Enquirer: 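Here's a structure for you.
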There are 2 protein chains.
Amino acid sequence: MTACGPARRSTGDDRPVAPGHAPGAATLATVRPGSRRVRPSRPPPTEPSPRRWAMPGEPVVGRTRQIIFDEATRLFGAQGYAGTTMRDIATAVGLLPGSLYTHIQGKENLLLEIVESGIDRFLAIADGVARSGAGPDQKLRALIKDHVGVVAQNPERTLVVFHQWRYLTGEARERVVEKRSRYEDAFRKIMNQGRRSGVFAPGLDLKVSVLAVLGALNWTAEWYRPDGPDTVAEIGERLADTLMSGLLTRAS
Amino acid sequence: MTACGPARRSTGDDRPVAPGHAPGAATLATVRPGSRRVRPSRPPPTEPSPRRWAMPGEPVVGRTRQIIFDEATRLFGAQGYAGTTMRDIATAVGLLPGSLYTHIQGKENLLLEIVESGIDRFLAIADGVARSGAGPDQKLRALIKDHVGVVAQNPERTLVVFHQWRYLTGEARERVVEKRSRYEDAFRKIMNQGRRSGVFAPGLDLKVSVLAVLGALNWTAEWYRPDGPDTVAEIGERLADTLMSGLLTRAS
DNA sequence: CCTACCGATCGGTAGG
DNA sequence: CCTACCGATCGGTAGG
């Protein structure tokens with residue numbers, strides 16, 4: 001249960017890390033109350049662009065926008081959505097608060113994009129597994145392993161996906177809730193298939209079993225450490241062993 | 001994954017529910033942004049007390065204090081600590097914001113008392129199970145069932161215990177982290193015992209198995225519904241079955 | 001991307 | 001437990 005050490009961790013996920021933001025800025029241990037940050041050190045001016053700043057409304061899809069998303073993901077994961085201010089994000093990126101709005105529409109929209117793109121990755125692996133011709137037990141094992149793989153790619157994003165979606169409102173929230181339940185259904189279908197085909201225990205309570213597996217999987221985002229001794233594949237394999245074979249010896 | 005319906009739910013836990021606060025006030029569906037609440041309807045004056053208000057510094061341990069804790073627990077669970085304002089709590093209780101401070105010391109202290117008293121309940125059942133003379137498998141089953149029982153007593157409090165503790169700072173945080181890891185140890189000890197005595201699979205990865213069980217248990221606070229069709233004992237039993245015997249048929 | 005700033009809201013207090 | 005209020009901070013915008 002050391003889910004929130006102050007160690008700065010890359011957001012992983014095949015993207016460059018934000019340049020020139022203060023290391024260790026706004027980690028959980030130092031946040032709130034009263035630990036107000038100082039003025040962000042301006043990042044070194046990058047190569048001059050034809051126009052020094054985008055016009056309002058112009059679609060901005062550049063490097064900076066990606067950095068903002070990465071830092072917001074990290075901060076929302078560590079401090080929660082409501083516990084993260086736009087000033088926290090600006091400081092982490094190396095901008096002044098108002099400058100964020102050239103790149104993004106607002107705080108809630110930032111959350112929505114993080115949550116939705118995150119959950120889409122989980123839906124993608126569920127789709128892949130469903131399309132494979134494997135049997136239910138192999139499907140479940142594959143889905144567990146793939147899930148751990150997505151968590152390991154970016155644990156903070158996973159925390160945001162599974163906890164911070166509550167701060168969304170209106171139809172954004174509805175869309176996310178729908179996608180979450182679609183992911184849950186993927187597990188339900190596989191386990192129902194396996195129960196009917198006899199590879200899973202016939203007395204198995206579908207509802208409780210699905211939620212037990214999902215609970216174990218969601219929790220991985222809280223304890224997974226990229227610098228741990230075990231590979232992602234090993235962790236997934238062992239998690240699948242525990243959930244599928246159980247703790248008791250087969251004899252008992 | 002319907003963990004956040006707008007339905008108002010009693011805080012359970014053998015205490016009277018707050019009188020005279022607006023039903024449905026500040027539920028998740030209506031929170032933020034821009035949904036600012038109106039002035040709280042004053043609760044009907046209770047029987048006159050000898051003194052109409054306590055002096056500052058005087059220890060207040062009365063009814064109102066308990067209602068404040070119950071409402072804060074509910075709100076912290078539903079909206080998160082950072083997403084809940086003292087004004088939210090005051091409105092739910094039926095006071096004006098400043099009046100809360102006759103009963104409590106401050107927001108963070110309120111969180112600490114909720115988290116610590118909550119985690120103490122989990123430690124108490126772990127102690128009880130450890131002292132029982134049962135074998136490791138029976139101990140684990142009992143602990144799983146007791147855990148579900150504590151969750152069912154007050155799901156919101158459990159959500160606060162397992163997620164909102166991150167907002168604590170300083171030694172309060174350290175104390176809570178220590179208690180959390182003590183609870184984790186209780187599971188580790190039982191499962192280690194069971195593995196050595198041969199009742200649990202010898203190839204079992206202790207770390208992953210402990211975290212899988214804890215994950216499944218922590219998740220119950222997100223989906224448990226007091227008005228569901230299954231009794232708490234049944235849910236605990238089925239969760240223990242799933243985790244201990246696994247999903248596969250014993251034959252396979 | 002910065003300067004400069006807005007109105008709203010925050011946790012909390014003085015004083016009765 | 002209320003009235004009245006504080007200084008700090010919030011998300012966000014105008015204009016260049």
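Every value quoted in this text rests on a predicted model; they were computed, and no experiment measured them. Heavy-atom basis, side chains included; hydrogens, waters and symmetry copies ignored. First the proteins, then the strands, lettered A, B, ... as listed; each starts at 1.
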Enquirer: For B/N109, which residues count as a side chain to side chain donor-acceptor pair (under 3.5 Å) partner, sequence neighbours excluded?
Expert: none

Enquirer: Check side-chain contact (heavy atoms from CB on, under 4.5 Å) between A/S117 and all other residues, then give those that pass, not counting sequence neighbours.
Expert: none

Enquirer: If the condition is ring pair (Phe, Tyr, Trp, His ring centres under 6.0 Å), which residues does B/F76 pass it with, not counting sequence neighbours?
Expert: B/Y81

Enquirer: Residues two or more places apart in sequence or in another chain: which of them pass side chain to side chain donor-acceptor pair (under 3.5 Å) with B/E174?
Expert: none

Enquirer: Can a side chain N or O of B/T64 be found less than 4.0 Å away from OP1 or OP2 on D/dC1?
Expert: yes

Enquirer: Grab the CG-C1' distance between B/L96 and D/dC1 for me, whole Å please.
Expert: 8 Å

Enquirer: Rounding to a whole Å, what distance do you find between A/L95:CG and D/dG11:P?
Expert: 15 Å

Enquirer: Please write out each protein N/O paired with an N/O of nucleotides 12-14 of chain D under 3.5 Å, distance rounded to 0.1 Å.
Expert:
unit_1, atom_1, unit_2, atom_2, d
D/dG12, OP2, A/Y101, OH, 2.8
D/dG12, OP2, A/K107, N, 2.9
D/dG12, O5', A/Y101, OH, 3.4

Enquirer: Could you work out, with side chain to side chain donor-acceptor pair (under 3.5 Å) as the rule, every residue matching A/K107, not counting sequence neighbours?
Expert: none

Enquirer: Are B/Y183 and B/F162, when compared by the centres of their aromatic rings, separated by less than 6.0 Å?
Expert: no

Enquirer: Separation of A/L75 atom CG from D/dG11 atom P, in whole Å?
Expert: 12 Å

Enquirer: To the nearest Å, give me how far apart CD1 (A/I68) and C1' (C/dC1) are.
Expert: 11 Å

Enquirer: For B/V129, what residues pass the side-chain contact (heavy atoms from CB on, under 4.5 Å) criterion, not counting sequence neighbours?
Expert: B/K139, B/A142, B/L143, B/D146, B/I190

Enquirer: Taking OP1 and OP2 of D/dC10, is either one under 4.0 Å from a side-chain nitrogen or oxygen of A/T85?
Expert: yes

Enquirer: I'd like to check the side-chain contact (heavy atoms from CB on, under 4.5 Å) partners of B/D120; sequence neighbours left out, ordered by chain and number.
Expert: B/E116, B/L123, B/K179

Enquirer: In dot-bracket notation, what is the pairing pattern of DNA chain C, taking Watson-Crick (N1-N3 plus N6-O4 or O6-N4) and G-U wobble (N1-O2 and O6-N3) contacts under 3.5 Å, with [ ] crossing and | for other strands?
Expert: ||||||||||||||||

